[in-house]
Structure formats: C-alpha cells, structure tokens
Amino acid sequence: MLSPTQLFTMLSLQDKMNKKVNPEWLTAGYQYLRAAMIESVEGIEHHGWKWWKAQEKDLPQLQMELVDIWHFALSAIIIEFDGDLDKSASTIANQLNSQCHSVNFDGKTYDFSQQSILDNLELMAGLCAAKRFDVPLFMTIVEQADMDANELYRQYVGKNVLNFFRQDKGYKQGSYIKIWQGREDNEHLVEVLESLDISASDYSEQVYAGLLARYPA
C-alpha cells in the first residue's frame, strides 16, 4: 500500500514536472488518459499476446510502461481536483483502502482480482478510452507485473527526478552530458536509488543530490 508520504511526494513531483512543461497545464486540455490508454496497449505488447508467433515477456519494459501510466494517471487526478494535491492524495488513498476488486464497464462487472494481467491491461485501456481510471485495478496490474507499492514509488521518483535533473543541466539546450565515467545516467540512477531509504520524507531531494554528486563538474 502506498503511504500518505509517498502519495503526496509523487503528486507534488508530477505537478512540478507538468508546470515545467507548461505553467498552465491544468487548463491546457492535455489528454492524459488518452496517453495512459496508449501506454496500456504498449504494455500488452511488451507482455506478449500473439498466439501465432513465439514471444517472450519483457518484464522491465512492461514495468516501465506502468510507471509511465502512473505519471499520466496522477496528472488526470490532479486536474480532476483543480490542482488540489491534498484532495488528490486522499481520493487515491480512499480508493486503495476500499479493498474493491471489481469495476463496472459498459454494463458488465469485471472482477479484476480473478483476471490475467493481459485482461486487466485491456480493461484499463478501455476505461482510459472512456476517460476513467481505476486505481485499485492499476495496483493489481502492478502486483501482477512483479512490483509492489514501494517498487512503483522507487521507479516513479527515480524517473521523475532524472527528468528534472536532465532539464536543469541543459537537456533541452543540448548541453546535458548523458554518459558519466563511461556509463549512462540511467545506470548511475539505479545505484543512487539502491543506496537510499525510500521511507525518507526528503527521498526525492536525496535522489537529486545523489545524481548531482556524480555529475561531471
């Protein structure tokens, strides 16, 4: 279960990143759930579903798609509450605490606790296409992809902070250095994340500081 601190940290980071892209993002009309729908379908592709050819599940890529979906879902939830992060966090927490395992869609009730990850990804894509997002369904898919709440938080914060770091160091202007000491920034990020305690209230700041300490002067 995501803790209140984790929820608020992720919502705050998402709000800050969206403002970095467009200070008026709340009223810009961006279709975040459309983006989440596309990522859901890409998740199906990474899992593999075609019965007419040999396929192998690419779990790391599937997990990455889920982290991207969470970015878009948080954005949509923040918009729903007009930028109020406290209300957004309490709504997500209430949904998680509801212990709900089913969703009604197109006149049919789906018990997603009994469905495969492929069926649940398809259901999530359908809901997103209908401008709906179900947090318990998403967290069930996260668990089916061999992640827990802490791993979702770890990967989400890592990717978000790295995106901030890249922008601050000139990514948009082309002056950012992506390879440090012979390794890409993603590899350094993994080591930084492994060295930190995700329960720290300033976890995201620690991640940024860890990257900064490694970045070439």
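For the single chain, residues carry numbers from 1 onward in sequence order. The structure presented is a predicted model; accordingly, all values stated were derived computationally and were not measured.
- One hydrophobic cluster, built from ILVMFWY side chains closer than 4.5 Å, cannot hold both M64 and F164; they sit in different ones.
- Partner of M10 under the side-chain contact (heavy atoms from CB on, under 4.5 Å) criterion, chosen from T5, L85, L74: L74.
- The hydrophobic clustering, which links ILVMFWY residues whose side-chain heavy atoms are closer than 4.5 Å, places L212 and L193 together.
- Aromatic ring centroids of F138 and W70 lie under 6.0 Å apart.
- No side-chain donor from either of D119 and Y110 sits under 3.5 Å from a side-chain acceptor of the other.
- In this structure the side chain of R132 reaches within 4.5 angstrom of the side chain of V103, judged on heavy atoms.
- Checked by atom type and distance alone, the side chain of Q55 pairs as donor or acceptor with a backbone atom of W49 at under 3.5 Å.
- V190 and V192 are not part of a single hydrophobic cluster, where members link through side-chain heavy atoms under 4.5 Å apart.
- Listed for the Q31 side chain is a donor-acceptor partner under 3.5 Å among the backbone atoms of G29.
- The heavy-atom pair separating S102 from T109 by the smallest distance is CB-CG2, 3.9 Å.
- Two rings, from Y203 and Y153, have their centers less than 6.0 Å apart.
- Contact record, A36 with F72: N-CD1, 3.9 Å, taken as the closest heavy-atom pair.
- To the nearest 0.5 Å, atoms CD1 (I69) and CE (M37) are separated by 11.0 Å.
- Here the straight-line distance linking atom CG of L162 with atom CG of D185 works out to 4.5 Å at 0.5 Å rounding.
- No continuous path of ILVMFWY side-chain contacts below 4.5 Å connects L127 to I38, so the two sit in separate hydrophobic clusters.
- The CG atom of L121 sits 8.5 Å away from the OG atom of S116 when rounded to the nearest 0.5 Å.
- Aromatic rings of Y215 and F165 (six-membered ring for Trp) have centroids within the 6.0 Å cut-off, being under it.
- Contact record, A89 with L7: O-CD1, 3.7 Å, taken as the closest heavy-atom pair.
- A side-chain donor from one of N18 and S75 sits under 3.5 Å from a side-chain acceptor of the other.
- Listed here is the closest heavy atom pair of P136 and C100: CB-O, 3.6 Å.
- Q206 places no side-chain N or O within 3.5 Å of a backbone atom of L196 that could act as its donor or acceptor partner.
- No more than 12 heavy-atom neighbours from other residues, nucleotides or ligands sit within 6.0 angstrom of OH on Y171.
- Across all non-hydrogen atoms, the minimal contact from F105 to A130 is CE1-CB, 3.9 Å.
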Stepwise side-chain contact (heavy atoms from CB on, under 4.5 Å) test for L211 and V161: CA-CA 9 Å; L211 292 173; V161 171; 4.3 Å; yes
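- Atom CD of E122 is surrounded by 12 or fewer heavy atoms from other residues, nucleotides or ligands within 6.0 Å.
- E56 CD: 12 or fewer foreign heavy atoms inside a 6.0 Å radius.
- In terms of heavy-atom proximity, L62 sits nearest to G43 at CD1-O, 3.5 Å.
- Put simply, the side chain of Y156 does not reach to within 4.5 Å of the side chain of L2, judged on heavy atoms.
- When only modelled atom types and interatomic distance are considered, Q155 and E151 share a side-chain donor-acceptor pair under 3.5 Å.
- Within the 4.5 Å cutoff, the side chain of H188 has heavy atoms near those of the R183 side chain.
- Put simply, NZ on K159 and CZ on R154 are 13.5 Å apart, with the number rounded to the nearest 0.5 Å.
- By the 4.5 Å heavy-atom criterion applied to side chains, R34 and K131 are counted as neighbours.
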Where do Q115 and L123 land on the side-chain contact (heavy atoms from CB on, under 4.5 Å) test, with the steps shown first? CA-CA 10 Å; Q115 295 193 152; L123 177 58; 4.1 Å; yes
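- Looking at I77 and I92, their side chains come closer than 4.5 Å, going by heavy atoms from C-beta outward.
- Heavy-atom neighbours of W51 CH2 from other residues, nucleotides or ligands within 6.0 Å: at or below the threshold of 12.
- D68 has its side chain out of reach of E42: every pair of non-hydrogen atoms, C-beta onward, lies at least 4.5 Å apart.
- We find the CD-OG distance between E143 and S113 to be 10.5 Å, quoted to the nearest 0.5 Å.
- Without hydrogens or angle criteria, D15 side chain to L11 main chain gives no donor-acceptor distance under 3.5 Å.
- Note that the OH atom of Y32 and the NE2 atom of H71 stand 11.5 Å from one another [nearest 0.5 Å].
- Ring geometry for F112 versus H101: interplanar angle over 60°, hence perpendicular rather than tilted (30 to 60°).
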Test K16 against K19 for side-chain contact (heavy atoms from CB on, under 4.5 Å), laying out the working first. CA-CA 5 Å; K16 289 176 183 176; K19 285 177 178 175; 5.7 Å; no
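- For K20 and D168, the salt-bridge test passes: some basic side-chain N is under 4.0 Å from an acidic carboxylate O.
- Within the 4.5 Å cutoff, side-chain heavy atoms of M124 are placed close to those of I141.
- Ion pairing between K87 and E80 fails under the 4.0 Å rule for side-chain N and carboxylate O.
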Residues K50, E45; criterion side-chain contact (heavy atoms from CB on, under 4.5 Å); working and verdict: CA-CA 9 Å; K50 298 173 182 176; E45 288 289 340; 3.9 Å; yes
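- The closest side-chain heavy-atom distance from W25 to I79 is below 4.5 Å.
- For the residue pair N150 / Q6, a side-chain donor-acceptor distance below 3.5 Å is found, with atom types taken as modelled.
- In terms of hydrophobic clustering, with Ile, Leu, Val, Met, Phe, Trp and Tyr side chains grouped at heavy-atom distances under 4.5 Å, F133 and L96 are assigned to a common cluster.
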